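Each chain gets a letter, A, B and so on, in the order its sequence line appears, and its residues count up from 1. Small disclaimer: the values here were computed from a predicted structure and weren't measured.
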Amino acid sequence: MKNSGIDYNKFKDFPKSYDYENIEKKIGKIWEENEIYKFSLDAGKNPPRKIIFSIDTPPPYVSSAHLHVGHVMSYSQAEFIVRYKRMRGFNVFYPMGFDDNGLPTERYVEKKYKVNKAKITREEFIELCLKETKIGIETYKNLWKSAGISVDYSLSYSTIDDRCRRAAQKSFIELFNKNLIQRRNDPILWCPHCRTSLAQADIAIEEKNGTLYDIEFTSSQGEGLIISTTRPELLGACVAIYANPEDKRYISLKGQEVIVPVYNKSVPVRYDESVDVDYGTGLMMVCTWGDMEDVRKWKEHKLNTAIIIDTAGRLTQPSGTYAGLNTTEAKKRIVEDLRSLSLIKGEKSVIQNVGIHDRCETPVEFIQAYQWFIKILEERDKFLRASEEMNWHPAFMKERYVEWVNNLRWDWNISRQRFYGVPFPVWYCKGCEEVILAGEKELPVDPLVSNPSVSSCPKCGGTVFEPEKDVMDTWMTSSLTPLINAGWADPERSGNKKFMNMVYPMSMRPQAQEIIRTWLFYTVVKSVYHTGQIPFKEVMISGWGLDKNGKKMSKSLGNFVEPEGIITRYSADALRYWSARANLGQDLRFNEEDTANGRRLLIKIWNSARFLITNVDNGFNPHEKDLAALGLGAVDRWVVSEFERTLKSCEDYMESFEYASALKTLTDYFYNIYCDNYLEIIKNVFWDDDEKSLVRRNKVLNVMYFISCNLLKTFAPFFPFITEELFLSFYRYFEGGESIHLSVWPEYRKELEDDNSVKIVEILLDILSASRKLRTNLNLHQNHKIDKLLIKAMNKDYAEIINGLGDDIKSAARVKRIVFSDEAYFSTANEDIYIGLT
RNA sequence: GGGCGGAUAGCUCAGUCGGUUAGAGCAUCGGCUUUACAAGCCGGGGGUCGCAGGUUCGAACCCUGCUCCGCCUACCA
């Protein structure tokens, strides 16, 4: 690049301190104004970016109030890799979505406005949701921008927008046509608080303290039978008594009926191997339905049905006097009644594992209703095979996925009896219940406001249609993010198979560990079903940000650290430094000290660059000659050689997503080799004005430029702000280009590795280290110039090397002369070399 | 009950293929301020690598068992 127009004088005024607060704001603006991260299919002439690297980034859900540094950690860790890939010449496709439909948003709005589903109209509710969605998106964007997340925000999608609704509905129709979706009247998981059905993935397990009651039933022959249960309120729903077929105590009950207390109804005795002989009395009551096991027995043994709980979790008429009570109240009442009948024969405290709805923590019940299911149980193998085709980082995270798939119990129920979600593109014929689907061109459609395109039922000719009122599970949409990003359901892209093939399967899916069973799994399901392909090639799973005591940060615990304050006090780059300290997939405690360390590193980077910038001479041109052609001294070759090794190792780490080790390698080099040794050894050349120093100065400047510029580039994925600022205010004049983040990653040049220089400089470093120790022992200032450095070298080769390094040793040890002398008494790390100072 | 991860210096964490005396940062202690940086530099001290066995010439690392912490999962009602 031509550099005759450079104003070298302004380099002399380079700011002494790094004003991160203002500079980060300024750089953020520059990126935005110049659209540095904008995706374009034909992006980049220099360098040409032919291969697309596409990222399926998590769309955060609307409630932005819960954001903490752990989120920044997760997004940053993925972003280190993205920035690295961008500098490696990939055309980065990095869209950001916002997950703002479905129950999470509804829950958030319910809490914030203290409303509930029963007391608000659908329209009012949706309006509030849309309002909060907008606020949430803005808050998120601002935070991600201030954290330096280099997404192309013009590619944003929101899971409630037309595009996403179209995709979700298209997915439904396609799966329906492939016979992978069906509507069934099944017992399902139900949240009495949200009054909606749920899928297995929406359930969390919570340990609760409960009571195990021993209740006396009566056999048809009048014999008392003790049965232990934690749910006496379900007595009215009891449809059978079970024993283990091996249990001799109860063989005689075979064929008998048992009288359920309070209700005085007869239920049959059945046998099943799943009954634990040693639990309680070995007798078990089975209800409609207390848990999944009840459901299984009900199905397999075709038991009677006695439903006594309604959609609000209240007992119904068949429960008799308990009708209208919720389960907790009913339990209390029925226990009182049993007690007065002397039928409670014992009780003890137990810890139960109760399934709760993960959004509202209400214990789930089982009810029966027509629901839409996506078949997943019979296709497990496909989903397991898909996991083999993806590269998992870290590898052990795959196990969690495999475990989940192996433990699936239910097909995926996608029906939700809620308001704010994507509607099913479905009507039912009133005459024959035939399912009428919307046409693909009509999408997105809301059957509550539109009519089907057919005027009569193709099956029975009926002309009256009922719209499906339920909405789809929010994961029905977010499971499509790779396809949404690829324009799979976009009419304007429909002719452009080429684009889809370029970005899909996505190159990388970064995400947090807790949504492996939901987002990751469901995305695999959809991809396999729709395209027969895996959705992405690389899976990158981050750990959690923990608080100081090792607890997961969460709003409810009140232990979360807000990123904004940290960014203000320490800078976004410093927060990213903390994020880079955890190995991928490992949880990391948040420690303000670490961000302070990050800030120290940034300041050091600033100052070391400043040392170069303020010392370049007018007309300085680092590209005049190749480094190798400058006739460098041993120390220069050493620092370059070590850099090349560092670069190689950094690259290898980044390629395997081990950003933490990459950064560690870089900072070790930067501190120990470049700053503390190289700069300390050579800095004399800027103080002395003798002929020798002047000649040396030019070489040193070239070396400093080479190292610091390349090091800056390798730091850029981690610290995008400070590296950009330094690039724009200095290096750009020699490198060209408009952003360090669009510049080319340094080329590893093996020919610059120089083992000989490393060996030679090791001797210098041994002497330097010993002289520093000696100065400390003598209470001498490290820079205080001393007259003589005494050296005793008990090996001829060493003496020769030391002679050759004379100027550098004098410079490094801050001495005027080197004298070989047997009076050198102070040992160095090299047992054949001793030194002394006089 | 099953699965996964973790336990290394006072604290937060590295530790690659099993290989010299187990590392870093912070903290701590001592020293040093005109000459990139005191938000700095130089130096020191600090470890039974969770416990117990085993394999090996050699183990923080591999094997077995156990303890504690975290997460996921499960039908002891």
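- Contact annotation for A:Ile205: backbone-only contact, meaning every heavy-atom pair under 4.0 Å involves sugar-phosphate atoms and none involves a base.
- The residue A:Gln200 sits close only to the backbone: its heavy atoms come under 4.0 Å of sugar-phosphate atoms, none of a base.
- The side chain of A:Arg772 sits closest to B:G43 out of B:G43, B:U12, B:A14.
- Side-chain atoms of A:Arg610 and A:Asn607 form no donor-acceptor pair, as typed in the model, at a separation below 3.5 Å.
- In this structure, A:Ile566 and A:Val72 have side chains that are not in contact, with every pair of non-hydrogen atoms separated by 4.5 Å or more.
- OP1 and OP2 of B:A36 both lie 4.0 Å or more from every side-chain N or O belonging to A:Lys604.
- When heavy atoms are screened at a 4.0 angstrom cut-off, A:Arg581 is found touching base atoms of the nucleic acid.
- Here B:C61 sits opposite no nucleotide as a Watson-Crick or G-U wobble pair (both hydrogen-bonding atom distances under 3.5 Å).
- Nearest approach of A:Gly585 to A:Met397, heavy atoms of both residues: O-CE, 3.8 Å.
- Here the nucleotide nearest the side chain of A:Ile603, chosen from B:G43, B:A39, B:C26, is B:A39.
- Residue A:Asn583 is in sugar-phosphate contact alone, with no base atom involved, counting any heavy-atom pair closer than 4.0 Å across all strands shown.
- Nucleic acid contact class of A:Lys773 (heavy atoms, under 4.0 Å, all strands): sugar-phosphate only.
- Taking only side-chain atoms of A:Phe396, from C-beta outward, the nucleotide of B:C4, B:C42, B:C75 with the closest atom is B:C4.
- Among B:U12, B:A77, B:U35, the nucleotide with an atom closest to any side-chain atom of A:Asp594 is B:U12.
- Here A:Asp668 lies out of heavy-atom contact (under 4.0 Å) with every strand.
- A:Asp272 has a carboxylate O that lies under 4.0 Å from a charged side-chain N of A:Arg296, or vice versa, which qualifies the two as a salt bridge.
- Considering only the side chain of A:Asn353, B:A74 comes nearest among B:A74, B:G5, B:C37.
- A side chain to side chain donor-acceptor pair (under 3.5 Å) with A:Arg696 is found for one member of A:Asp808, A:Asn684, A:Asp690 and no other, namely A:Asp808.
- B:A59 and B:C68 have their C1' atoms separated by 23 Å, with the value rounded to a whole Å.
- Among the atoms of the strands shown, only primed sugar atoms or phosphate atoms (P, OP1, OP2) are found under 4.0 Å from some heavy atom of A:Thr230.
- Separating the CD atom of A:Gln586 from the P atom of B:A7 is a distance of 8 Å, rounded to the nearest angstrom.
- Considering only the side chain of A:Asn597, B:G25 comes nearest among B:G43, B:G25, B:A39.
- Across all strands shown, A:Arg400 has heavy atoms under 4.0 Å from base atoms, whether or not it also approaches the sugar-phosphate.
- Per the geometry, CG belonging to A:Asp587 stands 9 Å off P belonging to B:C71, to the nearest Å.
- Within 4.0 Å (heavy atoms only), A:Val275 reaches at least one base atom of the nucleic acid.
- Side chain of A:Asp276, nearest nucleotide from B:C4, B:A77, B:U12: B:A77.
- Between the side chains of A:Glu399 and A:Trp392, no donor N or O sits under 3.5 Å from an acceptor N or O.
- Spacing between B:C75 and B:G70 at atom P, rounded to whole Å, works out to 23 Å.
- Contacts of A:Lys683 with the nucleic acid, taken as non-hydrogen atoms under 4.0 Å apart, include base atoms.
- When Watson-Crick and G-U wobble pairs are counted only if both distances are under 3.5 Å, B:C71 pairs with B:G3.
- At a threshold of 4.0 angstrom between heavy atoms, the contacts of A:Tyr653 include nucleobase atoms, whether or not backbone atoms are also involved.
- Nucleotide B:G40 forms a pair with B:C32, judged by Watson-Crick or G-U wobble geometry with both contacts under 3.5 Å.
- Looking at the side chain of A:Thr229, the nearest of the listed nucleotides B:C75, B:C42, B:A77 is B:A77.
- Residue contacts for A:Trp404: at a heavy-atom cut-off of 4.0 Å it reaches the sugar-phosphate backbone alone, with no base atom in range.
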